[in-house]
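All values below come from the heavy atoms of this structure, side chains included, with hydrogens, waters and symmetry mates left out. To find a chain, count down the sequence lines: A is the first, B the second, and so on, and within it residues start at 1.
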Protein chains: 2
Amino acid sequence: MLQTRLLETAIEQFGMHGFEGASTREIARASGTAMSSITYHFGSKEGLYLACADYIATRIRERHAPALDLVADLSGIDREAAVEHCLTIIDNFAVIMIDPESANWARFIMREQHSPTEAFERLYHGVMKDMIDGFSALLGRACPDLAPQELRALSMLAFGQALVLRAARASVCRALGTDNLGEEEARLLRARIRVNSLAILTGGNA
Amino acid sequence: MLQTRLLETAIEQFGMHGFEGASTREIARASGTAMSSITYHFGSKEGLYLACADYIATRIRERHAPALDLVADLSGIDREAAVEHCLTIIDNFAVIMIDPESANWARFIMREQHSPTEAFERLYHGVMKDMIDGFSALLGRACPDLAPQELRALSMLAFGQALVLRAARASVCRALGTDNLGEEEARLLRARIRVNSLAILTGGNA
DNA sequence: GTCTATACTACGATAGAC
DNA sequence: GTCTATCGTAGTATAGAC
């Protein structure tokens, strides 16, 4: 599919060089087609950029489907199970942050986090909102004494532990004395995230 | 100082639009000078970019001087004091991540985290290395049972909690239902980070 | 040291053949 | 639906006046 090939190349290029820095000529060339195909299929460079946001949201939603199902129905879940579900979701997120595959669209999203455009709206309402809302609700079962606003803050901080593995990847690698995050490093990091998260959920905020 | 004015404008522009996206013309114009001044003072666009990295490293080092002093001499520090110092440093970092002033150079650094260039070397050896090494050593006093590699992993994860406030700023704001992180949100977030960090240091990893 | 003027390249968009 | 050709604009770098 030409459109898909263009989208995946574009996400890579937009992530690597930014919106202004990426060139439609190069995106087309790397996709094995002519630049005017972008105009034809997406209207303009900006149209392509927004289509990338939708594409990313869909892909993430697919990948997080198990986690979203986990929080879909909270009725009759006890506190211990809620804690365990939280740990699973955070670990799930950590795996994605470690995975090299997340590099391309992570950079795309990071850029939007700093100065959001229409593309951020599509990402947020396409997948982020449901993840944050769902996780906060689940967290409420694990930490029943926290106010709603505190739960939302805690959600973001908990994700932050895993996010750093992508957002500050180069520093993490340096700190661990490695070139990239292989299986050994992944095991170490996920284990620590689990221990930390358990302490947060059962110690400090219980 | 013309050079300083150019550097600060450049950091803003490089952060906002990326290396390729930022234009030397615009940087010069916003600094109130001609574009050829950049060539004269920094050699080229790339020279300006690298000079920005050095400038950022120096600025951060200034700002983190109290924290770096804190970890300079660990002799005769007891465990309780080490925990308290860790909490102070993490809070210090959180304040910087919340501060709007960090936005410009944070974007610059984030870009380098994803695909490091020579500029990352200058940032890392200019300030990051000392911060990570120092904090890991301090953490070793707070959590004496952890192996050195685990301490380094834990350091990065602990910073991650604060980093998310800058790296995923737009999502954090949405989650908290606010347009920006004001005093009220800052108080809430810092309090939670402190509680979480205390739980991590004394509960899960003690 | 800072300016103007200019050479050269690459960009996004569009028109029109097929 | 995909291509080639081309237009107008904006980029970096450089040369040379002052």
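Side chain of A/Gln113 to main chain of B/Ser171: a donor-acceptor pair is present (N/O by atom type, distance under 3.5 Å, no hydrogens or angles).
Computed from coordinates, the A/Tyr49 OH to C/dG12 P distance equals 14 Å when rounded to whole Å. As rounded to whole Å, 9 Å separates atom C1' of D/dG1 from atom CG of A/Leu2. As a whole-Å value, the separation of A/Met1 CE from D/dT2 C1' is 14 Å. Here C/dA13 presents its C1' atom at 6 Å from CE of A/Met35, a figure rounded to the nearest Å. Between the NE2 atom of B/His41 and the C1' atom of D/dT14 there is a distance of 16 Å, given to the nearest Å. Between A/Ile27 atom CD1 and C/dA10 atom P the separation is 17 Å, expressed in whole Å. Rounded to an integer number of Å, the gap from A/Phe42 CZ to C/dA13 P is 14 Å. One can place CZ of B/Arg29 at 14 Å from P of C/dC3, the figure rounded to the nearest angstrom.
In terms of phosphate contacts, B/Ser23 brings no side-chain nitrogen or oxygen within less than 4.0 Å of OP1 or OP2 of D/dA10. The phosphate of C/dT2 has neither OP1 nor OP2 within less than 4.0 Å of any side-chain N or O from B/Tyr40.
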Show the atom names and distances, to 0.1 Å, of all donor-acceptor pairs under 3.5 Å that link a side chain in residues 175-187 of chain B to residues at least two apart or in another chain.
{"unit_1": "B/Thr178", "atom_1": "OG1", "unit_2": "B/Asn180", "atom_2": "N", "d": "3.4"}
{"unit_1": "B/Thr178", "atom_1": "OG1", "unit_2": "B/Asn180", "atom_2": "O", "d": "2.9"}
{"unit_1": "B/Glu185", "atom_1": "OE1", "unit_2": "B/Gly182", "atom_2": "N", "d": "2.8"}

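Contacts of B/Ser37 with the nucleic acid, taken as non-hydrogen atoms under 4.0 Å apart, involve only primed sugar atoms and P, OP1 or OP2. Counting non-hydrogen atoms under 4.0 angstrom, B/Ala28 reaches nothing in the nucleic acid. Residue-level contact check: B/Thr39 touches the bases, meaning some heavy atom is under 4.0 Å from a base atom. Counting non-hydrogen atoms under 4.0 angstrom, A/Ile38 reaches nothing in the nucleic acid. Across all strands shown, B/Ser36 has heavy atoms under 4.0 Å from base atoms, whether or not it also approaches the sugar-phosphate.
Each of B/Ala34 and A/Lys45 was assigned the nucleotide of DNA chain C with the nearest heavy atom; the assignment lying further toward the 5' end belongs to B/Ala34.
By the 6.0 Å contact criterion, CZ on A/Arg194 is open, its count of non-hydrogen atoms from other residues, nucleotides or ligands being 12 or less.
A salt bridge links B/Arg59 with B/Glu101: at least one charged nitrogen is closer than 4.0 Å to a carboxylate oxygen.
Note: A/Phe19 and A/Phe14 have parallel aromatic rings, judged against thresholds of 30 and 60 degrees for the angle between ring planes.
Set against C/dA13, C/dG12, C/dC3, the side chain of A/Thr24 has C/dG12 as its closest nucleotide.
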